[in-house]
Amino acid sequence: MEIGLALLEVAATNSLNDEQYRRLRKLSGLDDEPANLAPLWRAGLGIVAAALIGLGIIFWIAANWDSLGRTGRFVLLQGVVVVMCIGACAQPRARVPLGLLALLAIGAVFAYFGQTYQTGADPWQLFALWAVLGLPLCLSVRHDALWTPWALIAMSAISLWLHANTGHSWRFRSDDLNYQATACLGALALAALLSPLCAKWTGAGLLSMRVSVTLAVISVALIGIVGLANSHVSAQYWLALTMLVMTAAAFASHRWFDMFSLCGIGLALNVLLIGLLTHFLLGGHGGWSIPELLVLGLVAAGLLAATVSVILKLSKRAPLQGGTK
């Protein structure tokens, strides 16, 4: 998009005719096929095939549930994990799709184990074990195709752990703050693990980092909104606000700058700050007056405009980080 706009600007500045503009566009290579398109298509098709095969195995077991014995089901699922891991080691070109299939099969094993034996374990424990056992696989393959679902699994474990210890109601207890702070730290630690800070060891790319950051920001922001659901501003709100400010400062730095992540964090901060203003303006009485709503709307618009302006200035300061991502 930036190259196309630059070509139009050059054409307008130099008063190029249609033939000259077509030659300039051809020289720029803007309309040429990307050099890495074929490898990307092969990798993408392999990943889609692995996901479909994994789902097919799960559906096949469900369809033949009565004909397969307990031992047969376990042998089949565990056999898929072992065979896919061996195949990933033996075939480097197919390592990513085979590794993804192995990761999905690990989850199927735990799902079937929990359904068969009814151990009474909380769901978060199964997701946590799935994430722990899948971590060596992700570290070995070093690809976003595995890190992205792994981030979803790990964040599900954190969320389910929090709900198991605090419940699902929108209320505040002093005992809940420790669990919520731990969940916030765990979510942000997960985002840091998949960030460029650890990319040297993990091999994680932009997609997995942005997915983990998005999930972490949503989780932290929801905890902050809980802090505004009471008659007074609870500690959860200040915890969430502090965590988001620190995360925004990290992604605003020259080394970690990422436009997508910073926009998500900025939106969450806008929601929390406008929520705090709403709490003070409208929390003391049940009515909604026109002047208060007008003030709220103006402040919200001004805050959003200021956030966009700051992010744009940061993107110009770090064009390489923001532009290539």
With sequence neighbours excluded, residues passing ring-ring contact (aromatic ring centres under 6.0 Å, His included) with Phe260: none
Applying side chain to side chain contact (heavy atoms under 4.5 Å, CB included) to Cys184 and Ile223, what does each step give before you reach the verdict? CA-CA 9 Å; Cys184 288; Ile223 290 176; 3.6 Å; yes
Using only atom types and a distance under 3.5 Å, with no angle test, would you say the side chain of [X] pairs donor to acceptor with the backbone of [Y]?
{"X": "Trp147", "Y": "Thr202", "value": "yes"}
{"X": "Ser315", "Y": "Leu312", "value": "yes"}
{"X": "Tyr179", "Y": "Trp161", "value": "no"}
{"X": "Arg142", "Y": "Trp201", "value": "yes"}
{"X": "Thr148", "Y": "Asp144", "value": "yes"}
{"X": "Trp124", "Y": "Ser159", "value": "no"}
{"X": "Ser156", "Y": "Leu152", "value": "yes"}

Kindly compute the distance separating [atom1] ([X]) from [atom2] ([Y]), expressed to the nearest 0.5 Å.
{"X": "Leu103", "Y": "Met84", "atom1": "CG", "atom2": "CE", "result": "13.5 Å"}
{"X": "Leu193", "Y": "Trp150", "atom1": "CG", "atom2": "CH2", "result": "5.0 Å"}
{"X": "Leu129", "Y": "Ile106", "atom1": "CG", "atom2": "CD1", "result": "11.0 Å"}
{"X": "Leu293", "Y": "Thr278", "atom1": "CG", "atom2": "OG1", "result": "9.0 Å"}
{"X": "Arg210", "Y": "Leu215", "atom1": "CZ", "atom2": "CG", "result": "14.5 Å"}
{"X": "Ile153", "Y": "Ile158", "atom1": "CD1", "atom2": "CD1", "result": "12.5 Å"}

Could you walk me through whether Val226 and Ser234 pass the side chain to side chain contact (heavy atoms under 4.5 Å, CB included) check? CA-CA 8 Å; Val226 171; Ser234 303; over 6 Å; no
Any idea how Phe127 and Trp130 line up, ring-wise: parallel (<30°), tilted (30 to 60°), or perpendicular (>60°)? tilted
Heavy-atom pair of closest approach, residues [X] and [Y]:
{"X": "Ala151", "Y": "Ser212", "value": "CB-CB, 4.2 Å"}
{"X": "Arg95", "Y": "Ala88", "value": "NE-O, 2.8 Å"}
{"X": "Leu262", "Y": "Ala248", "value": "CD1-O, 3.6 Å"}
{"X": "Leu100", "Y": "Pro149", "value": "CD1-CG, 3.9 Å"}
{"X": "Leu244", "Y": "Ala268", "value": "CD1-CB, 3.8 Å"}
{"X": "Ser208", "Y": "Leu194", "value": "O-CD1, 3.8 Å"}

Is [Y] reachable from [X] through a run of I, L, V, M, F, W or Y residues, each pair having side-chain heavy atoms under 4.5 Å apart?
{"X": "Val213", "Y": "Leu185", "value": "yes"}
{"X": "Trp238", "Y": "Leu269", "value": "yes"}
{"X": "Leu277", "Y": "Leu272", "value": "yes"}
{"X": "Leu190", "Y": "Ile265", "value": "no"}
{"X": "Leu135", "Y": "Leu104", "value": "no"}

Just jot down the side chain to side chain donor-acceptor pair (under 3.5 Å) partners of Ser195, sequence neighbours excluded, or say none. none
Kindly indicate, with the supporting measurements, whether the criterion side chain to side chain contact (heavy atoms under 4.5 Å, CB included) is fulfilled by Thr182 and Leu162. CA-CA 9 Å; Thr182 303; Leu162 179 62; over 6 Å; no
Taking C-beta and beyond as the side chain, do Leu241 and Leu273 meet within less than 4.5 Å on heavy atoms? yes
For Met209, the option from Val211, Leu206, Leu207 that meets side-chain contact (heavy atoms from CB on, under 4.5 Å): Leu206
